[in-house]
Amino acid sequence: MAESKRMAESKRLSGGCLCGAVRYTAVPDKPEMDVCHCGMCRRWSGGVFMSVPCNELDVENETVLGRYASSDWAERLFCKECGSSLFWRMPSDKSGHVAVAFQSFDDTSSFTFVAEIFIDEKPPLYDFAGERPRLTGKEVMERFEAQQESGHE
Ligand SMILES: [Zn+2]
Ligand SMILES: [Zn+2]
């Protein structure tokens, strides 16, 4: 893969669920975290889904992973023992890309908070401080489609 050299430059990080039944390592694309305010992520995570775009996910004990197809194109993976929300991915995407729950990493100190998405679905009673891009669901989908059309696979 053409991307493997770039991936090798990122550091592999470890994490796991609340009870420890699921342990994993993954390589962040960049040391960056973003937040999704969409209704599905809020219900699934019990808060907002803070995630880190990663590749090369390696799960130690896959049998403990529960899987929920939250749409026709995405699935959410969680610990069957303790219920921790862990991974979001598109099964049709063979690039190995997975959004890993920021809060599940053992060490979150290296990440910066770079974006908020589906800001139009955020309940009005909370806001995150600081300045960063805040995209609506429509803007996220437009960017995603542009990426697909540019040959990103
Ligand atoms: Zn667990
Ligand atoms: Zn979401």
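All values reported here derive from a predicted model rather than from experimental measurement.
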Looking at every heavy atom in both E81 and V64, which two are closest together, and how far apart are they? CG-CG1, 3.4 Å
For a quick test of reading the model, state the closest non-hydrogen atom pair linking S110 to L13 and the distance between them. OG-CD1, 4.4 Å
Nearest-0.5 Å distance that lies between atom [atom1] in [X] and atom [atom2] in [Y]:
| X | Y | atom1 | atom2 | result |
| --- | --- | --- | --- | --- |
| T25 | F105 | OG1 | CZ | 9.5 Å |
| C36 | I119 | SG | CD1 | 10.0 Å |
| M40 | S45 | CE | OG | 12.0 Å |
| Y68 | R76 | OH | CZ | 8.5 Å |
| C17 | Q103 | SG | CD | 14.5 Å |

Candidate pair L65 and V59, rule side-chain contact (heavy atoms from CB on, under 4.5 Å), full reasoning: CA-CA 9 Å; L65 270 187; V59 178; 4.2 Å; yes
Any chance you could lay out the side-chain contact (heavy atoms from CB on, under 4.5 Å) test for C79 and C19, step after step, and finish with the verdict? CA-CA 9 Å; C79 173; C19 75; 3.9 Å; yes
Quick one: are K11 and P31 in side-chain contact, heavy atoms under 4.5 Å? no
Taking [X] for its side chain and [Y] for its backbone only, find out whether a donor-acceptor pair lies under 3.5 Å.
| X | Y | result |
| --- | --- | --- |
| S70 | E75 | no |
| S84 | L86 | no |
| K80 | T63 | yes |
| E121 | G39 | yes |
| R89 | G96 | no |
| T112 | V114 | no |
| S85 | W44 | yes |
| S104 | A101 | yes |

In terms of ring plane angle, is the pair F128 and H37 parallel, tilted or perpendicular, where the classes change at 30° and 60°? tilted
Parallel, tilted or perpendicular, as decided by the 30° and 60° cut-offs, for the rings of F102 and F111: perpendicular
Grouping I, L, V, M, F, W and Y whenever their side-chain heavy atoms are under 4.5 Å apart, do [X] and [Y] come out in a common cluster?
| X | Y | answer |
| --- | --- | --- |
| V48 | L135 | no |
| W88 | M33 | no |
| V22 | F78 | no |
| F87 | V35 | yes |
| F113 | Y126 | yes |

Does any pair with a residue in residues 133-143 pass salt bridge (charged side-chain N to carboxylate O under 4.0 Å, His left out), and if so which ones, sequence neighbours excluded? E116-R134, E131-R134, K138-E142
Do V98 and N55 pass the side-chain contact (heavy atoms from CB on, under 4.5 Å) test, and can you show the C-alpha distance, the side-chain angles, and the key distance before you say yes or no? CA-CA 6 Å; V98 55; N55 54 71; over 6 Å; no
Looking at K122 and D127, is any side-chain nitrogen of the basic one under 4.0 Å from a carboxylate oxygen of the acidic one? yes
Just checking, R42 and F49: is the charged tip under 6.0 Å from the six-membered ring centre and within 45° of the axis? no
Taking only residues two or more places apart in sequence or in another chain, which ones pass salt bridge (Lys or Arg N to Asp or Glu O under 4.0 Å) with D106? R23
Evaluate side-chain contact (heavy atoms from CB on, under 4.5 Å) for Y24 paired with L57, printing each intermediate quantity in order. CA-CA 7 Å; Y24 69 84; L57 174 67; 3.9 Å; yes
